[in-house]
S.K.: 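Take a look at this one; I'll ask things after.
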Amino acid sequence: MTQPPQWAPEIEFGPEDARALIAAQFPPLAGASLRPFANGWDNTAYLIDERFVFRFPRRTIAAPLIEREIALLPLLAPRLPAAISAPIFAGVPSAGYPWHFAGYARIGGATLADVRVRGAALATQLGAFLRALHAIDPQPLFDAGLPFDEIGRLDYARRAPMAQQRLSYLHDRGLLADPAPLVAALAGIAPRPDEAAPRVLHGDLYALHVLAEPDGTLCGIIDWGDIHAGDPALDLAISDLVFDDEDNAAFDAAYGPIDKRTRARARWRAIYHAALTADYAHRTGNAALLAVSLDALRRLAGSRGDRG
């Protein structure tokens, strides 16, 4: 399926292009096997020697995100209880490619959109992971380039209309029965700027960025281009995006106390993000992501939002 213009790549960087650039900058990998691995919103990925994932930005907007990962993730990785995609190869622009790129050790498991595993064990591990991440003092990371939220991820005035448009799109195509409860929840929560003390965040945590084994073992967290210092509700939304009420209880117990207003903002983010990914998945033909996103929206539509 052809990607809509807003997600189309600015640069088509094929396997032979990647092979040549990796060999030029990392000679020990010259001659290693290479195969396509994934195409995301912002990056094209190749698997090298079945051991390393190399990601190449496809659009100008994604280029600074790779640079951010290169600078920050090696500082975080030793302090977290599960693997993260911290770069071990840092590529630089060249005559044939204008942006930085990065190579990572491959993390096992499959995304939660693909493996569809859930359960209290996974919820507990993910809650503990976020507890450790959010406990990290952001101040030392600012020196390495950690930004604040630069794009207003919880900007109600800007993002609520976008969410409503996406919910209407899903409803009009018969994918979502009734968007009214979700629209009402968005309006009822209405996040305000600077409600929370900033924490170190993943910033874009959802099913495609969590890797797990079928038995519920958390393998790792990937795609950290949105890392920033901001409202922890952004990351806490993952519990509403992938878990049911019983598993959410295990998540909450592992993470620790969450005040009601933070929990409400997390629900707001979950509705917004699930609408975004469902819209994207439907337009680009990603059946697995569409299914998990619609599941989240249906749960959220039936939730009173009063966990705790």
Side-chain angles (χ1 to χ4, degrees), residues 73 76-86 105-138 196-197 199-224 226-227 230-271 273-274 277 288-289 291-300 302-308:
L73 296 193
L76 287 185
R79 306 182 63 180
L80 296 171
I84 66 171
S85 50
R106 184 183 185 182
I107 300 173
T111 76
L112 295 189
D114 293 321
V115 72
R116 299 303 297 272
V117 63
R118 302 295 183 266
L122 178 60
T124 296
Q125 294 168 82
L126 195 50
F129 179 92
L130 288 180
R131 181 184 65 211
L133 175 64
H134 294 170
I136 293 173
D137 180 2
R199 310 280 183 86
V200 179
L201 306 181
H202 178 282
D204 189 26
L205 196 57
Y206 71 113
L208 290 190
H209 294 166
V210 180
L211 302 180
E213 297 287 359
D215 66 0
T217 299
L218 176 64
C219 296
I221 308 295
I222 60 172
D223 286 15
W224 287 73
D226 284 270
I227 184 173
D231 191 326
L234 288 167
D235 286 352
L236 294 172
I238 187 64
S239 66
D240 283 321
L241 287 170
V242 300
F243 297 126
D244 61 19
D245 288 344
E246 184 176 349
D247 294 342
N248 273 326
F251 177 93
D252 292 350
Y255 183 83
I258 303 170
D259 67 83
K260 289 186 177 180
R261 183 61 188 172
T262 299
R263 197 184 302 284
R265 294 195 306 278
R267 183 170 181 246
W268 192 95
R269 170 67 175 184
I271 296 169
H273 201 281
T277 55
L289 180 59
V292 76
S293 301
L294 291 175
D295 283 350
L297 288 172
R298 291 165 186 146
R299 285 195 308 272
L300 287 159
S303 169
R304 295 178 302 167
D306 57 355
R307 276 166 55 194

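Values in this document were obtained by computation on a predicted structure and should not be read as measured data.
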S.K.: Backbone N or O of Gly119 within a donor-acceptor pair of the Asp247 side chain at under 3.5 Å?
M.R.: yes
S.K.: Looking only at non-hydrogen atoms, find the nearest pair between Pro232 and Leu201 and report the distance.
M.R.: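 Distance-wise, the nearest heavy atoms are CA-CD2, 3.6 Å.
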S.K.: Taking all heavy atoms of Ala250 and all of Ala123, pick out the closest pair and write down the distance.
M.R.: CB-CB, 4.2 Å
S.K.: I'd like to know whether Val292 forms a side chain to side chain contact (heavy atoms under 4.5 Å, CB included) with Leu112, so could you lay out the CA-CA distance, the side-chain angles of the two residues, the decisive distance to 0.1 Å, and finally the verdict.
M.R.: CA-CA 8 Å; Val292 76; Leu112 295 189; 5.9 Å; no
S.K.: How close do Asp114 and Ala110 get, heavy atom to heavy atom, and via which atoms?
M.R.: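 Asp114 and Ala110 have their closest heavy atoms at CB-CB, 4.4 Å.
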S.K.: Rounded to the nearest 0.5 Å, how far apart are CZ of Arg199 and CG of Leu236?
M.R.: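 Reported value, rounded in 0.5 Å steps: 9.0 Å.
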S.K.: Measuring from atom CZ of Arg263 to atom CD1 of Ile258, what distance do you get when rounded to the nearest 0.5 angstrom?
M.R.: 4.5 Å
S.K.: Do Leu300 and Arg267 touch side chain to side chain, with heavy atoms closer than 4.5 Å?
M.R.: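 A side-chain contact under 4.5 Å exists here.
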S.K.: Not counting sequence neighbours, which residues clear side-chain contact (heavy atoms from CB on, under 4.5 Å) with Ala121? List them please.
M.R.: Gln125
S.K.: OH of Tyr255 to CG of Asp252: how many Å apart, nearest 0.5 Å?
M.R.: 10.5 Å
S.K.: What heavy-atom pair brings Asp244 and Arg299 nearest, and what distance separates the two atoms?
M.R.: CA-CD, 4.3 Å
S.K.: Taking atom CD as the centre, does Glu213 end up with more than 12 heavy-atom neighbours from other residues, nucleotides or ligands that are less than 6.0 angstrom away?
M.R.: yes
S.K.: How many angstroms lie between atom CZ of Phe251 and atom CG of Asp245, to the nearest 0.5 angstrom?
M.R.: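 The distance works out to 14.0 Å.
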S.K.: Quick one: are Leu76 and Val200 in side-chain contact, heavy atoms under 4.5 Å?
M.R.: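 Counting from C-beta outward, Leu76 and Val200 do come under 4.5 Å.
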S.K.: Stepwise, does the side chain to side chain contact (heavy atoms under 4.5 Å, CB included) test hold for Leu205 with Trp224?
M.R.: CA-CA 9 Å; Leu205 196 57; Trp224 287 73; over 6 Å; no
S.K.: Any side-chain heavy atom of Ile227 sitting closer than 4.5 Å to one from Leu73?
M.R.: yes
S.K.: Is any NZ, NE, NH1 or NH2 atom of the basic residue among Asp231 and Arg265 found under 4.0 Å from an Asp or Glu carboxylate oxygen of the other?
M.R.: yes
S.K.: Do Val210 and Leu218 have side-chain heavy atoms sitting under 4.5 Å apart?
M.R.: yes
S.K.: Let's go through Asn248 and Asp240 carefully: what are the C-alpha distance in whole Å and the side-chain angles of both, what is the deciding distance for side chain to side chain contact (heavy atoms under 4.5 Å, CB included) to 0.1 Å, and is it a yes or a no?
M.R.: CA-CA 7 Å; Asn248 273 326; Asp240 283 321; 3.8 Å; yes
S.K.: If I take atom OG1 from residue Thr277 and atom CG from residue Leu241, how far apart are they, to the nearest 0.5 angstrom?
M.R.: 7.0 Å
S.K.: Between Asp235 and His134, is any side-chain donor less than 3.5 angstrom from a side-chain acceptor?
M.R.: yes
S.K.: Looking only at atom types and distance, does a side-chain atom of Arg131 sit under 3.5 Å from a main-chain N or O of Ala254, one as donor and one as acceptor?
M.R.: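 Judged by distance alone, yes, a pair lies under 3.5 Å.
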S.K.: For Ala212 and Leu122, which heavy atoms make the closest approach, and how far apart are they?
M.R.: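 Where Ala212 meets Leu122 most closely, the heavy atoms are CB-CD1, 4.2 Å.
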S.K.: Apply side chain to side chain contact (heavy atoms under 4.5 Å, CB included) to residues His202 and Asp226 and explain how you reach the verdict.
M.R.: CA-CA 6 Å; His202 178 282; Asp226 284 270; 5.6 Å; no
S.K.: How far apart are the closest heavy atoms of Pro81 and Ala128, and which atoms are they?
M.R.: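 Between these two residues, the closest heavy atoms are CG-O, 4.2 Å.
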S.K.: In Å and rounded to the nearest 0.5 Å, what is the CG to CD1 distance from Leu126 to Ile221?
M.R.: 5.5 Å
S.K.: If only side-chain N and O atoms count, and only distance matters, is there a donor-acceptor pair under 3.5 Å linking His273 with Asp204?
M.R.: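 Yes, side-chain donor-acceptor contact under 3.5 Å.
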S.K.: Would you say that Leu289 contacts Leu208 through its side chain, given a criterion of any heavy-atom pair below 4.5 Å between the two side chains?
M.R.: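 Yes - at least one pair of side-chain heavy atoms lies under 4.5 Å apart.
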